[in-house]
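In what follows, a structure is listed as structure tokens, so that the remarks can point back to it.
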Amino acid sequence: MKHELDTRYDPKSFEQRLYQGWENAGYFTPETDPERPGFSIVIPPPNVTGRLHIGHALVNTLQDIIVRWKRMSGFNTLWVPGTDHAGIATQMIVERHLLKQGISRFELGREKFVEEIWKWKEQHRSEIKDQLTRLGASADWTRERFTLDEGLSRAVRYVFVKLYEDGLIYRDVAMVNWCPNCRTAISDIEVEFRERQSKLYHIHYPIEGSERKVTVATTRPETMLGDTAVAVHPEDERYRDLIGKKAVLPIAERRIPVIADPILVDREFGTGVVKVTPAHDKNDYEAGLRNGLEQLQVIGEDGRMTPAAGAELAGRDRFEARKEVLARLETSGLLGETKPYTHSVGVHGKCDTDIEPMVSTQWFVRIEPLAKPAIEAVRSGSVQIVPQSWEATYFNWMENIHDWTISRQLWWGHRIPAYYCPDNHITVSMDDPEACPQCGAAPMRQETDVLDTWFSSGLWPFSTMGWPDDTADYRTFYPTDTLITGFDILFFWVARMIMMGIRFTGKAPFSQVFLNGLVRDEQGQKMSKTKGNVIDPLDVVEEVGADALRFTLAINTSGRDIPLGRSRIQGYSAFVNKIWNASRFALMHLELELKDARAIDRDHLRTVERWILSRLNETTKSVNRSLSIFRFDEAASALYQFFWHEFCDWYIEMAKPVLLGRHGGEGEQKKAKRVLLEVLDRSLRLLHPFMPFVTEEIWLKLGGVEPSLMIAPYPVAEDVLEDPDAERMMAATRSMITTVRNVRAERGFTPKDRFRLYVAAKEPRDANFFRTHAYLLLELARLTELVVDGEPPAGAHHDVVEGIPIAIEFPEKVITAEQVERTRREIEKSEKELAAVEARLANDQFLSNAPPAVVRGAESRRAELRARLEKLQQNQ
RNA sequence: GCGGAGUUAGCUCAGCGGUAGAGCAUCUCGCUUACACCGAGGGGGUCGGGGGUUCGAAUCCCUCACUCCGCACCA
């Protein structure tokens, strides 16, 4: 029974059909059996803000490779998919979207606005699912989760209440990072620092009752309106006499004290005088607390000046106010020197707005008690970070961690389960309280703030498994095994999952973390819409199929950033095409189906067949090893190298004489077909995690026992298949063929010209091999005759390959200039190497210190070089 | 300022103590009945500079230079 493949590789004709088949058959859904060896992984939930980009394609391809590999390797495998509500980001996008239609969220009100976001979420969630489907992600959609799901929300609430009861969550007044655009507090890590060309302004503050002025320097003149002191160093002789006096704050005309503060002021820096604005600068805030200074808020939550800034400036934007303040200082002659100044400014990463340090009441997580065990988990190796160099970064951050601001003044997210009674007693509990447990008063008002989105994603590995309930999923699949994600969320997400996981489940949520790099364009530039160098993964899938994209991503993943361009993907789509065509060739000749094929009897195989099985075995070994250490590049390269350059270029070509009936009998042909089937079958299995679609489409035609390749066993190396002897003979045969082709071209013959080859095999075994395998050389090297152990005529071209002398007899003596030059260079090169090897072997230190194997290697290399030189010289 | 990574063929990278590699690009020849998204062959590198350890260094150590990425600071 013959199965054929279409002449053309057309991924569109089968990719979606196959995925549907897998999903319908339930292959993505594991059983909940705690007894079976399990493997689980949770997706880094993409934000429901929009479509997936190429970075998502990368991280999900890598997860799918591992997941498919583990599933085929016999593990009860679960990959949990899902999405993140992404607090600020989603709220911002939907708000902008509605504004385009002329609707403001404030008109809509909280409830209606949140409803709008839910609609948006549903649309994008399904779009994301569709995209992952197109990539071939074998995730269990029956277990899909969303961070605002009922179950996950319960986990969030449980954790909040627990941490509050344990004293690890507290509410306090503090200086936080405020985004005037988003009108919410954000945590320290959400602030990004941007280098900016700015100006440093010097401002003179007159001293009351004196002619003296002190000069301060600032990049933010508008904040001077909120100054409540001027500080100098207590031991600074220049200003010592001013301590305790008053300075007159220009414009505001307020009197503010000159104070001494050794912590705030560095004598060496600038003028040695610092303006102190406790309400709008972090250091000043602390100095204010130390010195009992007033906090005067001159910039409001909206980034506009408050009435405290003076009637004329109130309501003006902070940057406009800056210009105004400068103009006024200029007229009053109190503006000093203005210097260009480069410094970093903190901005909100999501909207690029300058952060305004602001004093406000917020909720915080006391982080140190959580961080300590999380540091220990990595230090002890119970959580392994790959590549390991990230560990240093992890420790550095975790050891200097600050309390985490978790409240957000947003509408979209988990509302904080804290309730205030009319007397402002706070109650935090799992259930909504009717009346105040402390004073009995009612009604209770729930806190309007929501939680930082990362608070819920920090629970993802166990909240998705049904925790805090003791569910079958939790027992079977938690802790998860591997986490694959981008290094950019190591602190945002990975660290928090480790902290929360250990605190609440007593176990680290995963044992290995693979951090992948950033996908960049071919020039190594970051991809961005403004640069126009973005690659949409779905466009690529449309063009060349998911398999080519996946393989390209995998073969470029070593742990560092990945340069990616269209031409690169094009290159690997050629490989997929090659697989298709080689399989097509094989299927034209195969008659047996896999399920009817008997085990291969290795003892009766030809050397070529033993050789390709040995190579395949080596490939199998290396692919499994590489995947186990996340070297996707190594695994993919090994497969590429084997399939294309060993299987296609050599094995298939060598099998053709037998398959096409030009050599050997029917018995030989049967054996060759059996091996061809074996190699194709195993290759497809090995390739499947990387290219699930094309391998499945072909493999289904091989008639295997399993209904799908994705649930067929992954190959494991078997030592019996290793065959150094066959490898040696094939290396010699290949070298001979290459040498003939080579010399033919150098001497100006065309591929059609045929010659006689003399092989001087000393060992009877070798001689016998070349006699029985003469057909290989005759066909592939295009010979007229192969003479084993005969005397070559004068004028033949001599060489030595793999220690075996050979000679090529030409019909006429043609020596091209190119050939002479080439021989000269060959000789020169060999002489140089021989001199080096001889020098080494003459060195007693080398002989006594180097491992015996290395010495032996050098000796045989010397023998080979000597023999080869002798032969090459005959060619001159 | 602290920490990390990088500097290998024209490009993008692998190799990390024992004869310099891959993919792409380039050049020559070939449409040989799986594949021109192909086949065969060629050219191309003193492995960033300098020092050291070693019988032996692209590979280990020191140092310098440049690039990138975190974190901190920034009157």
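Letters go in sequence order (proteins before strands), and every chain restarts at 1. Keep in mind the model is a prediction, meaning the values are calculated, not measured.
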- line: Closest to the side chain of A/E746, out of B/A14, B/G42, B/G70, is B/G42
task: Report yes if the distance between the aromatic ring centroids of A/Y394 and A/W390 is under 6.0 Å, otherwise no.
output: no
message: Is the phosphate of B/G39 approached by A/W644 (side-chain N or O, under 4.0 Å from OP1 or OP2)?
response: yes
- prompt: Looking at the side chain of A/N283, which of B/C74, B/A14, B/A34 is the nearest nucleotide?
  reply: B/C74
field: Test item: side-chain donor near acceptor, A/D633 and A/N556, under 3.5 Å
entry: no
statement: Whole-Å distance, A/F487 CZ to B/G70 C1', equals 9 Å
message: Between B/G10 and B/C35, how many Å separate the two C1' atoms, rounded to a whole number?
response: 29 Å
- prompt: With a 4.0 Å cut-off on heavy atoms, is A/K339 in touch with a base, just the backbone sugar-phosphate, or nothing at all?
  reply: nothing
message: Assess whether a salt bridge exists between A/R379 and A/E391, defined as any Lys/Arg side-chain N lying under 4.0 Å from an Asp/Glu carboxylate O.
response: no
side-chain N/O A/K578 vs B/G39 OP1/OP2, d < 4.0 Å: yes
message: Heavy atoms from C-beta onward define the side chain here; which of B/C35, B/G43, B/G3 lies closest to that of A/R825?
response: B/G43
- request: Let me know the distance between CZ of A/R584 and P of B/U33, rounded to the nearest Å.
  value: 13 Å
message: Under 4.0 Å, heavy atom to any atom of RNA chain B: which of residues 841-852 of chain A qualify?
response: A/N843, A/Q845, A/F846, A/N849, A/A850, A/P851
- request: Mark yes or no for a side-chain to base donor-acceptor pair under 3.5 Å between A/S344 and B/C73, with no hydrogen or angle criteria applied.
  value: yes
task: Using whole Å, report how far CG of A/D284 lies from C1' of B/C74.
output: 12 Å
- request: Flag the pair A/R238 and A/D236 as a salt bridge only when some basic side-chain nitrogen lies within less than 4.0 angstrom of an acidic carboxylate oxygen.
  value: yes
- request: Indicate whether OP1 or OP2 belonging to B/G18 is found under 4.0 Å from a side-chain N or O atom of A/R856.
  value: no
- prompt: Is any side-chain N of the basic residue among A/R662 and A/E779 closer than 4.0 Å to the acidic one's carboxylate O?
  reply: yes
message: Between B/U59 and B/U7, how many Å separate the two C1' atoms, rounded to a whole number?
response: 15 Å
query: Would you say the side-chain atoms of A/T223 and A/H280 include a donor-acceptor pair closer than 3.5 Å?
result: no
message: On the nucleotide B/G39, are OP1 or OP2 found under 4.0 Å from the side-chain N or O atoms that A/R741 carries?
response: no
query: Going by modelled atom types, is there a donor-acceptor pair between the base of B/A34 and the side chain of A/E653 at under 3.5 Å?
result: yes
statement: Here the helical stems involving RNA chain B, each at least 3 consecutive Watson-Crick or G-U pairs closer than 3.5 Å, sorted by first residue number, are B:1-7 with B:65-71, B:10-13 with B:21-24, B:26-30 with B:38-42, B:48-52 with B:60-64
query: Could you give the CZ-to-P distance, from A/R747 to B/G41, as a whole number of Å?
result: 18 Å
task: Check every atom of B/U12, B/G6, B/U19 against the side chain of A/R861 and return the nucleotide holding the closest atom.
output: B/U19
message: Is the phosphate of B/C74 approached by A/K282 (side-chain N or O, under 4.0 Å from OP1 or OP2)?
response: no
message: Suppose you measure atom P in B/G21 against the same atom in B/C69; what distance do you get, rounded to whole Å?
response: 34 Å
- prompt: To the nearest Å, how far apart are A/H204 NE2 and B/A75 P?
  reply: 19 Å
Charged N-O contact under 4.0 Å between A/R840 and A/E838: no
query: Rounded to whole angstroms, how far apart are CZ on A/F643 and P on B/A34?
result: 15 Å
message: Under 4.0 Å, heavy atoms only, any strand: does A/L200 hit a base, just the sugar-phosphate, or nothing?
response: sugar-phosphate
field: Rounded C1' spacing from B/U28 to B/U67 in Å
entry: 38 Å
query: Nearest to the side chain of A/R560 - B/A5, B/G43, B/C71?
result: B/A5
task: On RNA chain B, check which nucleotide each of A/Y201 and A/R662 is closest to and give me the residue with the more 5' one.
output: A/R662
message: Could you check whether A/F755 and A/F749 have their ring centres less than 6.0 Å apart?
response: yes
- request: Please work out which of the three classes, parallel, tilted or perpendicular, describes the rings of A/Y572 and A/F551, given edges at 30° and 60°.
  value: tilted
query: Closest to the A/V854 side chain: B/A14, B/G18, B/A34?
result: B/G18
- request: Taking atom P in both B/G18 and B/A58, compute the distance separating them and give it to the nearest angstrom.
  value: 10 Å
query: If you check the A/F585 side chain, which of B/A34, B/A14, B/C73 turns out closest?
result: B/A34
- prompt: Roughly how many Å is it from CD1 in A/I189 to C1' in B/G70, rounded to a whole number?
  reply: 12 Å
task: Could you tell me whether the phosphate oxygens of B/G23, OP1 or OP2, come under 4.0 Å of any side-chain nitrogen or oxygen in A/H645?
output: yes
message: We want to know whether A/T739 and A/D799 form a side-chain donor-acceptor pair, criterion being a heavy-atom distance below 3.5 angstrom.
response: no
- prompt: Which listed nucleotide (B/A5, B/C35, B/G41) is nearest to the side chain of A/N581?
  reply: B/C35
Given RNA chain B, 5'-ward residue of the pair A/A392 and A/N742, judged by closest heavy atom: A/A392
message: For A/R734, is there an ion pair with A/E802 - N to carboxylate O distance below 4.0 angstrom?
response: no
- prompt: How many Å lie between CD on A/Q641 and P on B/A14, as a whole number?
  reply: 17 Å
Interatomic distance at C1', B/A75 relative to B/G4, whole Å: 31 Å
- prompt: When you compare B/G42 with B/G50, how far apart are their P atoms, in angstrom units rounded to a whole number?
  reply: 33 Å
message: Nearest to the side chain of A/A745, heavy atoms from C-beta on, is which of B/U12, B/G41, B/A14?
response: B/G41
message: Below the 4.0 Å mark, does B/A14 have OP1 or OP2 next to a side-chain nitrogen or oxygen of A/S558?
response: yes
- request: Say whether A/E833 and A/S830, considering side chains only, have a donor N or O and an acceptor N or O under 3.5 Å apart.
  value: no
query: Rounding to the closest angstrom, what is the interatomic distance between B/G48 and B/A20 at atom P?
result: 15 Å
message: Is it the case that the ring center of A/Y651 lies less than 6.0 angstrom away from the ring center of A/F642?
response: no
statement: Side-chain atoms of A/S389 come closest, of B/C38, B/G4, B/G39, to B/G4
